[in-house]
Participant: 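This is the structure I have questions about; it appears just below.
Both ligands and their constituent atoms are indexed starting at 1 by order of listing.
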Amino acid sequence: MRFSKSYIKTLKETPKEAEIASHKLLLRAGMIKKLTSGVYTYLPLGLKALKKVENIVRREMDRAGAQEIFMPVLQPAELWKESGRWEVMGPLMMKLQDRAKRDFVLGPTHEEVVTDVIRNDVASYKQLPLNLYQIQTKFRDEIRPRFGLMRGREFIMKDAYSFHATRESLDEEFDNMEATYKRIFSSCGLKFRPVEADSGAIGGSGSKEFHVLADSGEDEIIYCESCDYAANVETAVSKVFHAEKEELKAVELVDTPNVSKIEDVVEYLKVPVERTVKAMMYRDMGTDQVYMVLIRGDYEVNETKLKNAVDAIEVELLTDEQLEKLGLVKGFIGPFGIDLGDIKVVADDTVLEITNHTAGGNKIDTHYINVNYGRDYKADIVADIRKVRVGDNCITGGKLHSARGIECGQIFKLGDKYSKAMNATYLDENGKTQYMLMGCYGIGVTRTMAAAIEQNNDENGIIWPVSIAPYIVDVIPANIKNEGQVSLAEKIYNELQAENVDVMLDDRDEKPGFKFKDADLIGFPFKVVVGKRADEGIVEVKIRKTGETLEVSESEVVAKIKELMKLY
Ligand code: 9G3
């Protein structure tokens, strides 16, 4: 491509609304242009990189035995009513009506559509297993679209859906997709980690996320320094050390004037924090059920685990006035010596291991000591609802660390959630009607492209991995008025094109420095500068990632570039 002919508008200034590197650089390099909040146009350079990511995904999904289809964006509401998700997804769904006032949704995901496709076609176990995928635009009306392509309202996802007659077959495909995702993210030149994840609203059991590691990542990943355990903090678990068991003592109400924070209770009552229990008051936002959540004083409640324990879509802490209305004394709430009414108690499972623990006295400036679970109170629900802490021990013993991650992929075992709701059945080998088992597998293609920039940039701009760079080489004649330089540059440009190397020729009538800055901003992996030594047949090959400059004779340039392409 000739630069002088291409539609590339680089920006000197960073648009003020851009906060993270990829958002700034995609705009400055002229790769995307915002249409409206969370909605972007992909300009030629941006689209070329996007297509490279898509084609890596496509190549590996085909290789994994999945078959590509293309499903509609426009989905009838009936399907979502059948699956029971029409009402519960809230304002995140982009809904619209057609001329006959029929309800539709712009697809945020395609479980309902693909299950509808299959249930009318697959009738026998002989047709299973099946893995269908698409690379398609999705719509989700995010409250706060931000970070450019990282969290848009219209974005491109590869979403795949597999159908199985047995659990073993589903487990096999889940592992096949995990291996495939590793190949995809490696081929994109990304540093990533697969982590245990929460199945969330999608339901089903067993899910893994693939995080591209970057400080700007929205997610916190917990990982063990000595084994390969890694999990999203939402589901991560760790080893717990309990205070040693004591003889049960009698409960006692003690005055603790103005002592409510855990560290003050520990100080005032001279008890180890492992022998304290705090009560947090939560509300299920769907059912309004109030929960008294009990957890050891040195841990924090993990709201994702709590939601799963009480089967809520969303939970939130009660406000001060809601506490008052319930007659609860903020800072001194506890499970003992109180009429709970229809408040349900949820206890983190560590609470059951503590003998003679403290608890709120349910009266201002008081606490109970020597409270014992079982003897003095019971919980309605007992579960691990704690947030692991950096420095905790992994269940295998090693220390747990944390890193920031950008979730670029997620794979799920759905089970029969959708096939049951939508009656997708098949006849098994005994002629018996069975529900299919499903898996689903997503990759945020546009998000992955942005994540690649988060991981590969410096103060001059983007540093594209060769595999997804819009162009691999930028051939730059240093002086456009110098016949010799221009014709050698053209010669090298044509040779690289003949070798199917994506090459840009910067034939603009601009100073070399101007062209170098553009080349570094856009992030071409290599520059070939045809300058002063052109008449000796010597050109410079500059490597964007390392800043290295190699003197190469013109006859060696193509071979050198092809050799370097294997390394970056
Ligand atoms: C919705 C809306 C937003 C959503 C969903 C549904 C996320 C929804 C989860 C998934 C699960 C998998 C197939 C590919 C891999 C991910 N946000 N999810 O189901 F209606 Cl508005 O999308 N889907």
Side-chain angles (χ1 to χ4, degrees), residues 38 57 61 64 66 68-96 103-118 131-145 150-163 170 173-174 177-178 180-181 184-185 194-195 197-211 218-219 232 234 304 307-308 313-314 407-415 417-419 421-422 437-448:
V57 170
M61 288 299 289
E68 187 168 8
I69 59 173
F70 192 69
M71 291 183 269
V73 157
L74 190 61
Q75 303 179 8
E78 288 72 13
L79 288 181
W80 289 76
K81 288 174 183 168
E82 268 194 80
S83 71
R85 296 211 289 177
W86 178 252
E87 294 309 332
V88 297
M89 299 318 290
L92 204 53
M93 286 182 92
M94 304 280 280
K95 297 179 178 177
L96 69 159
D103 289 322
F104 288 81
V105 58
L106 296 180
T109 184
H110 282 70
E111 281 81 3
E112 283 77 1
V113 172
V114 78
T115 306
D116 179 56
V117 167
I118 291 296
N131 184 333
L132 303 176
Y133 79 94
Q134 64 170 352
I135 299 178
Q136 168 65 289
T137 298
K138 295 275 186 290
F139 294 83
R140 293 178 187 176
D141 199 0
E142 299 286 348
I143 299 178
R144 277 191 61 226
M150 214 59 94
R151 183 171 289 279
R153 291 197 290 172
E154 179 176 331
F155 56 95
I156 295 172
M157 184 196 279
K158 181 285 295 173
D159 45 324
Y161 304 87
S162 65
F163 300 87
L170 169 57
E173 187 60 8
F174 187 84
M177 287 289 104
E178 179 172 354
T180 302
Y181 276 41
I184 287 169
F185 291 113
V195 304
D198 179 56
S199 305
I202 189 78
S205 67
S207 158
K208 281 199 174 184
E209 291 170 347
F210 292 76
H211 285 263
E218 286 187 353
D219 288 63
N232 189 310
E234 290 177 350
T304 301
K307 279 190 278 190
N308 290 340
I313 299 259
E314 204 44 77
E407 182 205 328
C408 289
Q410 190 165 8
I411 60 178
F412 297 80
K413 292 178 186 171
L414 285 177
K417 176 181 158 89
Y418 293 92
S419 35
M422 299 177 69
L437 296 177
M438 289 173 65
C440 65
Y441 320 92
I443 289 182
V445 174
T446 40
R447 176 179 283 186
T448 297

Participant: I'd like to check which ligand 1 atoms, numbered from 1 as shown, lie under 4.0 Å from a non-hydrogen atom of Tyr161.
Facilitator: 13 (C)
Participant: Return yes if some donor-acceptor pair links the side-chain N/O of Arg151 with the main-chain N/O of Arg144 below 3.5 Å, else return no.
Facilitator: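 Side chain of Arg151 to backbone of Arg144: no pair is present.
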Participant: N/O of Arg140 under 3.5 Å from N/O of ligand 1, yes or no?
Facilitator: yes
Participant: For ligand 1, is there an N or O atom under 3.5 Å from any N or O atom of Glu111?
Facilitator: yes
Participant: What's the shortest heavy-atom distance between Gly38 and Pro145, and which atoms?
Facilitator: CA-CB, 3.7 Å
Participant: Does one side chain, of His110 or Gln136, offer a donor that lies under 3.5 Å from an acceptor on the other?
Facilitator: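 Note: His110 and Gln136 side chains miss the donor-acceptor criterion.
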Participant: Find all atoms of ligand 1 within a distance of less than 4.0 Å from any non-hydrogen atom belonging to Met89, and give their numbers and elements.
Facilitator: 1 (C), 2 (C), 5 (C), 6 (C), 20 (F)
Participant: Okay, side chain of Gln75, backbone of Thr109: is any donor-acceptor separation there less than 3.5 Å?
Facilitator: yes
Participant: Within the 4.0 Å heavy-atom shell around Phe412, which atoms of ligand 1 are there?
Facilitator: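 Matching atoms, with element in brackets: 11 (C), 12 (C), 16 (C).
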Participant: Should the pair Asp159-Lys138 be classified as a salt bridge under the 4.0 Å nitrogen-to-oxygen rule?
Facilitator: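 Here Asp159 pairs with Lys138 in a salt bridge, since their nearest N and O are under 4.0 Å apart.
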Participant: Does some non-hydrogen atom of Met94 fall short of 4.0 Å from ligand 1?
Facilitator: no
Participant: Using a 4.0 Å cut-off to any heavy atom of Gly442, which atoms of ligand 1 qualify?
Facilitator: 14 (C), 15 (C)
Participant: Looking only at heavy atoms, is any part of Leu92 under 4.0 Å from ligand 1, and if so is it the side chain, the backbone, or both, or is it neither?
Facilitator: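 Leu92 to ligand 1: contacts from backbone and side chain alike.
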Participant: Determine whether the side chain, the backbone, both or neither of Arg85 has a heavy atom under 4.0 Å from any heavy atom of ligand 1.
Facilitator: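 Looking at Arg85 and ligand 1, just side chain atoms fall under 4.0 Å.
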Participant: Closer than 4.0 angstrom, basic N to acidic O: yes or no for Glu111 and Lys417?
Facilitator: no
Participant: Examine distances only and state if a side-chain atom of Arg153 and a backbone atom of Arg140 form a donor-acceptor pair shorter than 3.5 Å.
Facilitator: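 Side chain of Arg153 to backbone of Arg140: no pair is present.
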Participant: Decide whether Glu112 and Ser83 meet the rule of one side-chain donor and one side-chain acceptor closer than 3.5 Å.
Facilitator: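 Yes - a donor-acceptor pair under 3.5 Å links their side chains.
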Participant: What atoms of ligand 1 come within less than 4.0 Å of a heavy atom belonging to Cys440?
Facilitator: 12 (C)
Participant: Using the six-membered ring wherever Trp is involved, compare the ring planes of Tyr181 and Phe210 and label them parallel, tilted or perpendicular (cut-offs 30° and 60°).
Facilitator: tilted
Participant: Compute the shortest N/O to N/O distance between Tyr441 and ligand 1 and return yes if it is under 3.5 Å, no if not.
Facilitator: no
Participant: Under 4.0 Å from ligand 1, counting heavy atoms only, is it the side chain of Met93, its backbone, both or neither?
Facilitator: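 It is both parts that get close, each with some atom under 4.0 Å.
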Participant: Would you mind listing which atoms of ligand 1 come within a distance below 4.0 Å of any non-hydrogen atom of Trp80?
Facilitator: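 Near Trp80, the atoms of ligand 1 are 20 (F).
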Participant: Heavy-atom contacts with Asp159 under 4.0 Å: which atoms of ligand 1 show up? List them by number with element.
Facilitator: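 Result: 14 (C).
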